[in-house]
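To keep things clear, I will list the structure first and then write my remarks on it.
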Protein chains: 2
Amino acid sequence: MGNAPEGKSRGHTRASAAEGVERALKMLEGRWKLEILFHLFGGNVLRFSELDRAIPGVSQKMLIQQLRQLEAEGIVARTVYPEVPPRVEYRLTDWGQMLCPALDALLGWAAARP
Amino acid sequence: MGNAPEGKSRGHTRASAAEGVERALKMLEGRWKLEILFHLFGGNVLRFSELDRAIPGVSQKMLIQQLRQLEAEGIVARTVYPEVPPRVEYRLTDWGQMLCPALDALLGWAAARP
DNA sequence: CGGAATCCGATAGGATACTG
DNA sequence: CAGTATCCTATCGGATTCCG
């Protein structure tokens with residue numbers, strides 16, 4: 001492709017790397033997603049109402065919206081127990097758990113700010 | 001604080017880690033920021049017009065806006081040469097360069113999607 | 001060349017009320 | 001309990017025009 005001065009860790013082109021990271025970031029964008037994720041990291045399993053109470057300021061609409069998006073992306077798993085009253089539990093998928101070190105790298109970078 | 005099942009890599013509380021990552025992500029949010037960053041990674045130094053041409057679809061307004069935000073956050077450095085016609089160059093700061101491995105971690109995670 | 005200023009539509013997110 | 005549905009606002013981003 002003309003010029004590739006030197007590769008970054010993998011064999012991506014600048015364009016595809018930008019797109020890939022962009023897609024990854026899009027999955028995490030949203031006012032409440034990170035807060036949800038950090039409550040679920042470590043294998044925690046929480047019900048809708050527990051998340052609602054654990055995250056101050058979130059509305060039910062936003063909470064369910066962000067959860068649904070995380071679920072659609074395969075980061076969060078949703079389990080419905082056919083009981084009455086209804087019980088729904090949220091946890092991270094295996095892949096979702098793998099986000100932790102990546103976010104930690106980002107946190108480390110932010111902490112290194114001059 | 002009641003319960004701390006087990007810490008993640010560092011000594012952060014869930015709340016502060018979420019906030020920290022949230023701040024980091026906010027710096028990278030914006031339609032064109034990643035594309036800008038990937039053009040500057042590796043020590044590349046580009047003029048405004050070069051970035052403009054290198055990033056198809058971006059308007060001057062958006063380009064300058066995203067550049068200004070990256071500059072304000074200390075990720076990008078802007079150098080003005082008092083010539084005529086004017087010349088302005090953009091490059092990453094040292095700290096900005098350090099973003100690369102963190103984004104690569106994110107890319108690696110995205111690539112591991114089941 | 002490297003912007004700034006203005007207008008304008010789309011979307012993200014908040015408040016509130018209602019439901020199976 | 002775990003959501004829907006509706007309305008409303010603020011911010012984001014695009015298009016265009018003008019300036020030193």
Side-chain angles (χ1 to χ4, degrees), chain A residues 18-19 21-40 44-73 75-92, chain B residues 18-19 21-40 44-73 75-92:
Chain A
E19 286 175 40
V21 177
E22 210 141 358
R23 270 194 298 274
L25 277 189
K26 267 211 139 187
M27 300 182 190
L28 308 176
E29 277 176 30
R31 179 72 182 79
W32 307 98
K33 284 187 186 166
L34 287 177
E35 204 158 343
I36 292 171
L37 290 181
F38 276 91
H39 278 284
L40 260 28
N44 295 336
V45 179
L46 294 174
R47 303 179 55 160
F48 183 84
S49 53
E50 292 177 312
L51 279 168
D52 196 13
R53 266 175 276 114
I55 304 178
V58 73
S59 68
Q60 292 187 321
K61 169 196 164 182
M62 286 312 295
L63 183 54
I64 193 63
Q65 177 188 108
Q66 309 276 292
L67 281 169
R68 287 278 147 87
Q69 291 179 9
L70 289 169
E71 188 195 358
E73 285 144 1
I75 298 173
V76 159
R78 176 173 178 268
T79 314
V80 182
Y81 297 89
E83 310 171 354
V84 43
R87 180 162 60 106
V88 179
E89 289 182 346
Y90 293 90
R91 78 200 68 207
L92 291 180
Chain B
E19 287 175 37
V21 177
E22 209 141 357
R23 269 193 299 274
L25 277 190
K26 269 213 138 189
M27 299 182 192
L28 307 177
E29 278 175 31
R31 179 73 181 77
W32 308 98
K33 286 188 186 165
L34 286 178
E35 206 159 341
I36 292 171
L37 289 180
F38 275 91
H39 277 284
L40 297 178
N44 296 336
V45 178
L46 295 174
R47 302 179 56 158
F48 183 84
S49 52
E50 292 178 313
L51 279 168
D52 196 13
R53 266 175 275 115
I55 304 178
V58 72
S59 68
Q60 292 186 324
K61 169 195 163 182
M62 287 310 296
L63 183 54
I64 192 63
Q65 177 189 109
Q66 310 275 291
L67 281 169
R68 287 279 146 87
Q69 291 177 10
L70 290 170
E71 188 195 358
E73 283 144 1
I75 297 172
V76 159
R78 176 173 177 267
T79 314
V80 182
Y81 296 90
E83 309 169 356
V84 43
R87 180 162 60 104
V88 179
E89 289 183 348
Y90 294 90
R91 77 200 68 205
L92 291 180

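Note that the coordinates shown come from a computational prediction; the quantities given were computed from them, not determined experimentally.
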Taking all non-hydrogen atoms of both residues into account, name the closest pair between [X] and [Y] and its distance.
X: B:Gln66; Y: B:Trp32; value: OE1-N, 3.2 Å
X: B:His39; Y: B:Asn44; value: O-ND2, 3.0 Å
X: A:Arg91; Y: A:Thr79; value: NH2-OG1, 3.6 Å
X: B:Leu28; Y: B:Leu34; value: O-CG, 4.4 Å

Does any part of the side chain of A:Val21, heavy atoms only, come nearer than 4.5 Å to the side chain of B:Phe38, both counted from C-beta?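 They are in side-chain contact.
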Rounded at 0.5 Å granularity, tell me how far CD in A:Glu50 sits from OH in A:Tyr90.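 One finds 12.0 Å between CD of A:Glu50 and OH of A:Tyr90.
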Distance in angstrom units between B:Asp52 CG and D:dA15 C1', rounded: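 Rounding to the nearest Å, CG of B:Asp52 and C1' of D:dA15 are 14 Å apart.
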Assign a letter to each nucleotide of nucleotides 1-14 of chain C from its 5' end: B, base within under 4.0 Å of a protein heavy atom; S, sugar-phosphate only; -, no contact. BSBSBBB-----BB
Heavy-atom donor-acceptor pair, B:Gln65 side chain to B:Met62 backbone, under 3.5 Å: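 No.
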Kindly calculate the angle separating the two end axes of the helix from C:dC1-D:dG20 to C:dG20-D:dC1, each obtained from five base pairs, and round it to 10 degrees.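 Axis-to-axis angle, ends of the helix: 50°.
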Do A:Glu35 and A:Lys33 sit within salt-bridge range, that is, some charged N less than 4.0 Å from a carboxylate O?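 Result for this pair is no, no salt bridge flagged.
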